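Remember, it's a predicted structure, so these values are computed and weren't measured experimentally. Each residue takes its place number in the sequence, starting with 1. Heavy-atom basis, side chains included; hydrogens, waters and symmetry copies ignored.
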Amino acid sequence: MDPYPFLEKDREGQLIRLARQRIPASVRYETLVLTGDPAERVLETARALDADLIVIGTHGRKALSHLILGSVAEKVVRESQIPVLTAHTKTGERKTV
């Protein structure tokens with residue numbers, strides 16, 4: 001049971017608004033907000049949806065930060081059974097929330 005369900009609903013609303021702003025109406029997509037280990041959730045969801053491709057952003061962390069925190073994108077690339085496309089955003093273009 002999620003101890004903070006209101007946070008998940010708030011994030012879901014933000015994601016839906018962002019998707020409507022940025023994704024053309026002709027593109028089929030689905031928005032999901034899940035809790036837990038991010039890489040595991042991405043992989044599980046891709047399998048459940050029978051996805052053809054996973055597209056995931058990277059943050060380009062420096063060596064020490066990457067060593068300590070790991071990389072969700074790296075784990076997804078390493079463990080995925082389907083193709084993964086990674087995209088690195090330029091500085092200053094990252095978050096839009």
Side-chain angles (χ1 to χ4, degrees):
M1 185 165 151
D2 186 357
Y4 305 104
F6 58 91
L7 291 176
E8 192 169 315
K9 281 293 178 195
D10 182 49
R11 295 296 182 226
E12 186 174 32
Q14 290 176 352
L15 180 61
I16 289 169
R17 283 190 298 279
L18 182 63
R20 286 182 182 148
Q21 292 171 357
R22 303 260 176 126
I23 301 173
S26 61
V27 174
R28 187 176 150 251
Y29 68 92
E30 184 174 348
T31 58
L32 299 169
V33 175
L34 305 170
T35 56
D37 178 83
E40 290 300 320
R41 294 296 92 75
V42 167
L43 293 167
E44 289 169 4
T45 303
R47 283 191 295 271
L49 295 174
D50 196 26
D52 297 317
L53 175 70
I54 297 171
V55 179
I56 191 165
T58 64
H59 292 289
R61 286 194 172 95
K62 300 297 181 205
L64 183 58
S65 175
H66 178 76
L67 181 63
I68 295 169
L69 299 174
S71 166
V72 173
E74 183 179 329
K75 184 174 181 181
V76 170
V77 168
R78 191 172 55 248
E79 296 184 13
S80 179
Q81 299 294 314
I82 65 172
V84 178
L85 173 66
T86 60
H88 180 74
T89 58
K90 296 177 184 169
T91 305
E93 295 180 15
R94 288 197 181 151
K95 293 197 176 192
T96 307
V97 176

Checklist entry - Got a sec, which residues hit side-chain contact (heavy atoms from CB on, under 4.5 Å) with Q81, two or more places apart in sequence or on another chain? => result none

Next on the checklist: E44: which residues meet the side-chain contact (heavy atoms from CB on, under 4.5 Å) condition with it, sequence neighbours left out?
Outcome noted: E40, R41, R47

Item to check | Donor + acceptor pair across side chains of Q14, R17 (<3.5 Å) | outcome: no

Checklist entry - With ILVMFWY side chains joined below 4.5 Å, transitively, what does V33's cluster contain besides itself? => result L15

Next on the checklist: I want to check something: taking the side chain as every heavy atom from C-beta on, are D52 and I82 in contact at a cut-off of under 4.5 Å?
Outcome noted: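 No, too far: nothing below the 4.5 Å cut-off.
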
Item to check | Closest approach of I54 to S80 (non-hydrogen atoms, all atoms of both residues) | outcome: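 Minimum heavy-atom separation between I54 and S80: CD1-OG, 3.7 Å.
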
Next on the checklist: Please find the pair of heavy atoms, one from T58 and one from A73, that lie closest to each other, and give the distance.
Outcome noted: CG2-CB, 3.9 Å

Next on the checklist: Is it true that, when you exclude R78 itself, more than 12 heavy atoms of the residues, nucleotides or ligands shown sit nearer than 6.0 Å to its CZ?
Outcome noted: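 Enclosed: over 12 neighbouring heavy atoms sit under 6.0 Å from CZ of R78.
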
Item to check | Spacing of CZ belonging to R20 relative to OG1 belonging to T31, to within rounding of 0.5 Å | outcome: 8.0 Å

Item to check | Approximate separation, where rounding is to 0.5 Å, of L34 CG and R11 CZ | outcome: 14.5 Å

